[in-house]
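First the structure, in the form of structure tokens, and then the observations on it.
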Amino acid sequence: MDELLEQFLVEAPELVEQAAEDLLALERDPADAARLESAFRAFHTLKGSVALFDLAPLGRVLHAAEDLLGAVREGRRPADRMLCDALLGCLDAAGRWIGGLGHGGALPEAAAAEAGRLEAGLRRLLAPAGKRPPRPGCPPCWRGRRPRWPRRGRRACR
């Protein structure tokens with residue numbers, strides 16, 4: 001293992017822990033600008049470090065998280081419980097993947113699929129409330145409108 005990766009494996013869990021503490025404090029006090037900045041810096045630093053090691057799934061998730069925190073900083077999105085829970089979920093995955101990287105030398109096989117789900121969830125929170133994309137698994141006929149109940153002799157979904 002090279003020296004740079006060893007340094008990353010020492011510092012990354014500390015950044016994950018710092019960001020988690022900041023998010024928990026931000027959930028209690030959404031107006032705490034210092035905690036918001038600290039969380040943003042931790043995510044930003046993690047994202048930059050991950051890019052050095054070509055850990056694309058983790059990089060995509062951290063990028064979406066950083067974008068979401070950027071929206072909070074700019075006043076486009078409140079720091080509510082839903083946002084904090086989603087970001088804490090991102091940190092949970094990051095912590096597990098970084099730990100796995102230290103033990104196995106690579107991200108877990110399921111990381112790409114989990115990263116896709118996490119990134120989609122974070123991006124959904126970034127969209128304006130009235131324009132949020134549908135959740136995965138939502139029947140196509142219901143996306144963005146009320147369901148049409150079948151009339152006699154007609155199918156529910158077209």
Could you grab the distance from atom [atom1] of [X] to atom [atom2] of [Y], nearest 0.5 Å is fine?
| X | Y | atom1 | atom2 | value |
| --- | --- | --- | --- | --- |
| Leu24 | Glu21 | CG | CD | 8.0 Å |
| Asp22 | Leu91 | CG | CG | 10.0 Å |
| Arg77 | Asp67 | CZ | CG | 13.5 Å |
| Glu37 | Asp32 | CD | CG | 10.5 Å |
| Leu23 | Leu88 | CG | CG | 5.0 Å |
| Glu114 | Glu109 | CD | CD | 13.5 Å |

Restricting to non-hydrogen atoms, name the atom on [X] and the atom on [Y] that form the minimum distance, rounded to 0.1 Å.
| X | Y | value |
| --- | --- | --- |
| Leu122 | Ala65 | CD1-N, 3.8 Å |
| Phe43 | Cys90 | CE2-SG, 3.9 Å |
| Ala115 | Arg60 | CB-NH2, 4.0 Å |
| Gly70 | Arg76 | C-NH2, 4.4 Å |
| Ile98 | Leu46 | CD1-CD2, 4.2 Å |
| Leu126 | Ala71 | CD1-CB, 3.5 Å |

Would you check if [X] and [Y] make a side-chain contact, meaning some heavy-atom pair closer than 4.5 Å?
| X | Y | answer |
| --- | --- | --- |
| Glu119 | His63 | no |
| Asp85 | Glu27 | yes |
| Val72 | Phe40 | no |

Q. Take atom CD in Glu74; do more than 12 heavy atoms of anything else shown fall under 6.0 Å from it?
A.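 Counting neighbours around CD of Glu74, more than 12 heavy atoms of other residues, nucleotides or ligands fall under 6.0 Å, so yes.
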Q) How about Glu17: does its CD atom have over 12 heavy atoms from other parts shown lying under 6.0 Å from it? A)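 Check fails, neighbour count at 12 or below.
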Q. Would a distance-only check, ignoring hydrogens and angles, find a side-chain to backbone donor-acceptor pair under 3.5 Å from Thr45 to Arg41?
A.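 Checked: pair present.
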**Q.** Among Leu5, Val50, Leu58, side-chain contact (heavy atoms from CB on, under 4.5 Å) partner for Leu101
**A.**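 Of all the options given, the one that passes is Leu5.
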Q: Among Leu62, Asp92, Val61, Leu87, find the residue that satisfies the side-chain contact (heavy atoms from CB on, under 4.5 Å) test when tested with Leu118.
A: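 Option passing the side-chain contact (heavy atoms from CB on, under 4.5 Å) with Leu118: Val61.
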**Q.** Worked check of side-chain contact (heavy atoms from CB on, under 4.5 Å) between Leu52 and Phe8
**A.** CA-CA 10 Å; Leu52 295 173; Phe8 170 75; over 6 Å; no
Q) Under the side-chain contact (heavy atoms from CB on, under 4.5 Å) criterion, do Leu107 and Phe53 qualify, and how do the steps go? A) CA-CA 11 Å; Leu107 293 180; Phe53 304 107; over 6 Å; no
